[in-house]
Amino acid sequence: MFKAKQIIFIAGSAGSIQTLTTVLASVPKDFECPIVIVVHRKSNIYSQLHKVLGQYCCLPVQEVEHGEKMKIGTIYLAPSNYHLMVSENGILELDYSEKEMFSRPSIDVSVEFFARAFRDKLTFIILSGANSDGAVGSKKVKKFGGHIIVQDPSDCVSATMPQAVIEANMNVDFIVEGKEIIKSINEILS
Amino acid sequence: MAVQIDHMDEFTKKDIAEFISFVNEVYGVDFSGYSYNSLTRRLARLLNLKGLDSLYALRFELTNGHIGSVELINEISVNVTEMFRDPEVFNYIQKDIFDYLKTFPQFKVWHAGCSSGEEVYGVAILLKEHGILDRSIQFGTDLNTDVLQAAKTGVFSGVDVKEYTKNYMSCGGQYEFSKYYSAAYGDVIMDKELSRNMIFSQHDLVKQSSFNEFQLIFCRNVVIYFDQDLKERVFRLLVDSLCPYGYLVLGSKESLIYCKVFEELELVNREHQVYRKKGIV
């Protein structure tokens, strides 16, 4: 069983990178949780997104390699053109199957695994995006007792994605502007 | 189509183990070495596709013949593939591996788990551009017979052409991708010359053994579905099928450096997951 205070799962699509860098920049060096990032990405394009994000963050940001085990204080970025899965023991796996909602990585696919594996230890954060990938998965987060932080749709470049999560759930835990997300995370952790 | 993910909450390891055992006993195909997460996902998808609500119902449909065994196996295995997937890898291969291939009057390439063959045709194009297609024999093998049939025809959906054209240019293709196919009714038909030296056949990496010796083996995004034991066995099979100094190319997010068989290889390029078999010690 993988043990951590919380597993922080951040997802987004169009317009989310800016907010992502804001959140990562506010993560302290002694942060006690692993962070997993799943954002929609173009495939077959040589991308150094993990290096770009790494410039904003004092913790290491790396692309997931199939079979690696999550570590506290490391930030994992789902590579493009794979779905990201996880087991209860914290081992990350990749899958190259059909796209879901035209996306690979798909947020719904990942959240399904993270919610089942980590239950009330999962914090799901949804950022700006132009489709509703993540809405169905977010219901699983709630079903298994996890927390949901939504970036306020009015604060987003594309409101569709966070709005869909709000509409899919009776209660989300926080709806906040991008710069307040770290406060919400800290509230959950305390 | 979104996977109806509610099924996944109901599968226990025991349910899946029982189903897989049934499939092996009755149809002789062994999925027991596949990772639990992968199987969960594939089976949930299959249930959704067939409008069934349990593994028990699926088993019933198999026993009464409404779902054929070939269809079952073809749906459980993952068949997604692209031409020049991760173009930078194919760029590297042309620069670093083709020189090695050119030292042989004849060489053999194996695409293990080739699905519908896009990767095989892509490599054929690059071999042709380097003037060594004639010296090659490319073997494409897979568990799934439907996709192998498709591979033999050399016909692909026109929907992917735009993406493949981009990939072809990114990997350093020297001409125009359109040179290699003709378009008809929304499909593309690959130039027959490319497939002259191709052999597609069924091969089960789990159960069958090595069938030849190769200078270059591709096995990209195949073993990600396998658990550690099966992975080690398959890598053993692949390395046994490599001639000394032959190359093995995996998917760019896979690795075999923690596998026993790594002792017999050198990691030639970490980013592109290219390995080379050591010479006879």
Side-chain angles (χ1 to χ4, degrees), chain A residues 42-48 50 62-69 76-89 91-117 119 131-140 143-144, chain B residues 1-9 11 35-42 44-45 49 76-91 113 115 163-164 166-171 220-228 231 250-259 270-271 273:
Chain A
K42 286 206 146 62
S43 31
N44 296 312
I45 305 277
Y46 187 64
S47 167
Q48 297 284 271
H50 60 292
Q62 56 196 55
E63 280 204 342
V64 173
E65 270 186 20
H66 175 73
E68 78 175 304
K69 187 165 180 170
Y76 299 93
L77 174 66
S80 74
N81 222 5
Y82 288 97
H83 292 301
L84 176 64
M85 307 185 290
V86 73
S87 302
E88 279 172 12
N89 56 13
I91 296 200
L92 297 163
E93 281 177 66
L94 300 175
D95 161 286
Y96 176 45
S97 58
E98 294 79 358
K99 291 182 181 177
E100 304 276 342
M101 230 185 266
F102 310 108
S103 306
R104 187 171 52 219
S106 150
I107 300 168
D108 278 335
V109 170
S110 278
V111 175
E112 169 69 32
F113 283 94
F114 277 82
R116 281 159 84 229
R119 303 181 165 252
N131 72 12
S132 59
D133 187 17
V136 173
S138 67
K139 293 198 278 198
K140 287 305 174 102
K143 177 174 175 181
F144 289 105
Chain B
M1 191 202 328
V3 177
Q4 203 171 338
I5 43 192
D6 285 293
H7 293 307
M8 287 168 63
D9 295 346
F11 294 171
S35 91
Y36 172 62
N37 283 340
S38 291
L39 278 176
T40 304
R41 198 162 140 61
R42 297 314 291 167
R45 180 182 171 273
L49 213 63
I76 295 182
S77 57
V78 178
N79 308 304
V80 180
T81 181
E82 300 167 61
M83 213 178 278
F84 311 114
R85 182 190 155 111
D86 308 313
E88 64 275 8
V89 173
F90 289 93
N91 201 329
S115 183
E163 171 93 22
Y164 295 169
K166 269 198 314 204
N167 292 354
Y168 167 80
M169 291 192 311
S170 301
C171 79
R220 307 189 71 216
N221 303 311
V222 174
V223 307
I224 47 178
Y225 306 107
F226 301 162
D227 68 19
Q228 192 61 28
K231 219 197 283 195
L250 302 184
S252 42
K253 291 298 170 189
E254 300 177 277
S255 176
L256 62 59
I257 60 177
Y258 301 114
C259 296
R270 196 200 163 116
E271 194 184 351
Q273 287 297 308

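The sequence lines fix the lettering, A, B, ..., with proteins before strands; numbering per chain opens at 1.
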| Quick one: are His66(A) and Leu250(B) in side-chain contact, heavy atoms under 4.5 Å? | no
| message | Is any side-chain heavy atom of Arg41(B) closer than 4.5 Å to one of Phe113(A)? | response | yes
| query | Is there side-chain contact between Asn44(A) and Lys166(B), with at least one heavy-atom pair below 4.5 Å? | reply | no
| said: What's the separation between atom CG in Leu84(A) and atom NZ in Lys253(B), rounded to the nearest 0.5 Å? | reply: 12.0 Å
| query | Is the closest side-chain heavy-atom distance between Glu68(A) and Ser255(B) below 4.5 Å? | reply | no
| message | Can you give me the closest heavy-atom contact between Tyr225(B) and Tyr96(A), atom names plus distance? | response | OH-N, 2.8 Å
| query | So what's closer than 4.5 Å to chain A heavy atoms on Gln273(B): side chain, backbone, both or neither? | reply | neither
| Arg270(B) and Glu65(A) ion-paired at < 4.0 Å | yes
| message | Would you compute the distance between atom CG of Asn221(B) and atom CG of Leu94(A) and round it to the nearest 0.5 angstrom? | response | 8.5 Å
| remark: On a heavy-atom basis, the closest approach of Arg85(B) and Ser80(A) is NH2-O, 4.5 Å
| So, Glu93(A) versus Tyr36(B): side-chain donor-acceptor pair below 3.5 Å or not? | no
| Any side-chain heavy atom of Val80(B) within less than 4.5 Å of one from Arg104(A)? | yes
| field | Toward chain A, the part of Glu163(B) with a non-hydrogen atom under 4.5 Å | value | side chain
| query | When only pairs under 4.5 Å are counted, which of Ser252(B), Ser170(B), Cys171(B), Ser35(B) shares the most heavy-atom pairs with chain A? | reply | Ser35(B)
| Check: Val86(A) main-chain N/O paired with Asn37(B) side-chain donor or acceptor under 3.5 Å | yes
| Region of Phe84(B) in contact with chain A, defined by heavy-atom distances below 4.5 Å | backbone
| field | Residue part contacting chain A, namely of Asn167(B), when any heavy atom lies under 4.5 Å | value | side chain
| request: Start with the C-alpha distance between Thr40(B) and Glu112(A), add both sets of side-chain angles, then the distance that settles side chain to side chain contact (heavy atoms under 4.5 Å, CB included), and finish with yes or no. | output: CA-CA 11 Å; Thr40(B) 304; Glu112(A) 169 69 32; over 6 Å; no
| query | Where does Asp133(A) contact chain B at under 4.5 Å (heavy atoms): side chain, backbone, both or neither? | reply | neither
